[in-house]
K.L.:
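First the structure, then my questions, so here it is.
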There are 2 protein chains.
Amino acid sequence: MESDLNSFRQEKLPLLEQQMKNFLQGLDAEKSLQKSMQYSLESGGKRIRPLLMLAVCQVLKKRVDEPVFAAAGSLEFVHTYSLIHDDLPEMDNDDLRRGRPTNHKVFGQAEAVLAGDGLLTASFEWLANCQLPSELKLKLIGLLATAAGPQGMVSGQVADIEGEHKELKLAQLQLLHRRKTGALIQYACQAGGLIGDANARQMIYLTQFGQSFGLAFQINDDILDVVSTQEKLGKAVHKDQAENKNTYPGLLGLKESYSELKRVVQKAKNALEGLQKNLENGKNTELLWDFLDYFSRKGNA
Amino acid sequence: MESDLNSFRQEKLPLLEQQMKNFLQGLDAEKSLQKSMQYSLESGGKRIRPLLMLAVCQVLKKRVDEPVFAAAGSLEFVHTYSLIHDDLPEMDNDDLRRGRPTNHKVFGQAEAVLAGDGLLTASFEWLANCQLPSELKLKLIGLLATAAGPQGMVSGQVADIEGEHKELKLAQLQLLHRRKTGALIQYACQAGGLIGDANARQMIYLTQFGQSFGLAFQINDDILDVVSTQEKLGKAVHKDQAENKNTYPGLLGLKESYSELKRVVQKAKNALEGLQKNLENGKNTELLWDFLDYFSRKGNA
């Protein structure tokens, strides 16, 4: 099955990278700002969110047009901004990201704040000006802002940082994860659905899939921080415990975290089965199964 | 003449404040985040940008509907985010803003970064979901992102911070000012024009007015930092020199800065005269003259 995902990646990734680079270089911005934004964008991320959006489109439409890459790329801009700000000394204070020095380590703290601000704002600029239909663009902008803003990721970050000083209950941790990482992943699925003209029933399954996939992704990330190595992850490990972060292993223990991961992955699979039953003849969800397998399995977060 | 501006302010301001508060409180966000965003929003700013947008609408249409306040309020969100990030220790390191402790002084540095991120993102969320026509909303979102992002304000901030280590030429300082403060003020005028159904000729004059008004505003701000007092300004004075900032008085001296201010104000007046000649019978630009008089005059920035 995984060869599907690999060939999909190999086909889509170069165009996605090119489009992101083109958009950034086409901006009439200060050179140093452009450089620092580019640095973090080119830091070798797996591009999970944009590829997931493209995969959902492909599952629904079988064909992914070029304007769709603007929607995918602008999502990666938002994700990248969040990493730059997350790594800041006043936030998680990380020196290393994907095996390279973090943005503020290279460009300084002020430039890093501004690189994040720039990528976030440019994301909406890109979406607003891309070649997708107007009503679709407006829906995407509204959903993305909700997923990334105070009702989503930013609140997740606040809860994450404030949680360093208290032990959360499981429901609170789930809300934190749903906002901090879940919201953008769910947006990726919903946006793919909207672009791919999903009907109401398909959208329900896509939303459920996005929710469960996002949670599985984060539980896996929590587990990896405990069981993996810096070489494998490209970032420091055992940081959650050192920073007193609330995590699944911290709250439930490692064994129960694995069980929970399994349960959540099963929910994602159920959603995909529901989606499969609602696809037109000749279309299938295999690509999304591959995503789920690959990214919710120990060692790939 | 100024009584026009006063009665306009008294009429529009309460509704603007109420709409901003309503939107913020309607968000399903972490309470502490909501509180820190609210704190900076309620810090007693003059609301120049949103009021200017509303004034342009009124000059063109004579009637300002409620959905227009979403466009005005979302602009003030962006301005407020920029102040929060600008005041951060790694940026201008300001303890005082409008006579009150800055956001990070009250809520901590991480929360301040996130309050800024939250307001910026919520601004686009508000615009995308407000009751204005879709095509208009898309235009506003695109223009706002361009004005606030890497092609506008964020690049201005980068140039401002990097300029602390070198002396800029006048053309570079003008570009810096055009991006740092000019872009959002110009957006206020253009957005007011778009909402007020300005024709192409009116838009040209509105854009010229916004450009010159923005520059006049910033030159005046530079001058005030030299000649005013902390009590009058509600923030520290003589900071530009202490931080080695590039300013008009620093580059041209105080006397020549006053002359330059006068020249730029004249350009703004010329634009208003052009606009006046292109208004329908019975409409006039008096309100915009009042704005210009009030905000480009020593002591009111």
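Everything numeric in this text was worked out from a predicted model, so none of it was measured. Below, all heavy atoms of this structure are taken into account, side chains as well, without hydrogens, waters or symmetry copies. A note on names: the letters A, B, ... follow the listed sequences, proteins ahead of strands, and every chain is numbered from 1.
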K.L.:
Is the closest side-chain heavy-atom distance between A:L206 and A:V56 below 4.5 Å?
P.N.:
yes

K.L.:
If you count heavy-atom pairs within less than 4.5 Å of chain A, which of B:L175, B:N129, B:V113, B:I161 leads?
P.N.:
B:V113

K.L.:
Does any non-hydrogen side-chain atom of B:Q38 lie less than 4.5 Å from one of B:K21?
P.N.:
yes

K.L.:
Need one label for B:E162: side chain, backbone, both or neither, based on atoms under 4.5 Å from any heavy atom in chain A.
P.N.:
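For B:E162, side-chain heavy atoms alone lie under 4.5 Å from chain A.
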
K.L.:
Against chain A, label B:L27 side chain, backbone, both or neither, depending on which of its atoms sit under 4.5 Å from a heavy atom there.
P.N.:
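Both backbone and side chain.
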
K.L.:
Quick one: does B:Q218's side chain get under 4.5 Å of B:K180's, heavy atoms only?
P.N.:
no

K.L.:
Please identify, among A:I141, A:D117, A:L33, A:L24, the residue contributing the most non-hydrogen atom pairs under 4.5 Å to chain B.
P.N.:
A:D117

K.L.:
Looking at A:D92 and A:R97, is any side-chain nitrogen of the basic one under 4.0 Å from a carboxylate oxygen of the acidic one?
P.N.:
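So A:R97 does not pair with A:D92 through a salt bridge.
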
K.L.:
Is B:Q151 in contact with chain A via its backbone, its side chain, both, or neither, using a 4.5 Å heavy-atom distance?
P.N.:
both

K.L.:
Hey, which of A:G142, A:P150, A:A29 has the most heavy atom pairs under 4.5 Å with chain B?
P.N.:
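Of A:G142, A:P150, A:A29, A:P150 has the most heavy-atom pairs under 4.5 Å with chain B.
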
K.L.:
Quiz question: by atom type and distance under 3.5 Å, do the side chains of A:E90 and A:Q109 form a donor-acceptor pair?
P.N.:
yes

K.L.:
Chain A heavy atoms under 4.5 Å from B:L114: which part of the residue, side chain, backbone, both or neither?
P.N.:
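Contact with chain A involves both backbone and side-chain atoms of B:L114.
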
K.L.:
Quick check on B:M153 against chain A: is it the side chain, the backbone, both or neither that has a heavy atom closer than 4.5 Å?
P.N.:
neither

K.L.:
Under 4.5 Å from any heavy atom of chain A, what part of B:E135 do you find: side chain, backbone, both or neither?
P.N.:
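Interface part for B:E135: side chain.
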
K.L.:
Is the shortest distance from a Lys or Arg side-chain nitrogen in B:K245 or B:D222 to a carboxylate oxygen in the other one below 4.0 Å?
P.N.:
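Not counted as a salt bridge, because no side-chain N and carboxylate O are separated by less than 4.0 Å.
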
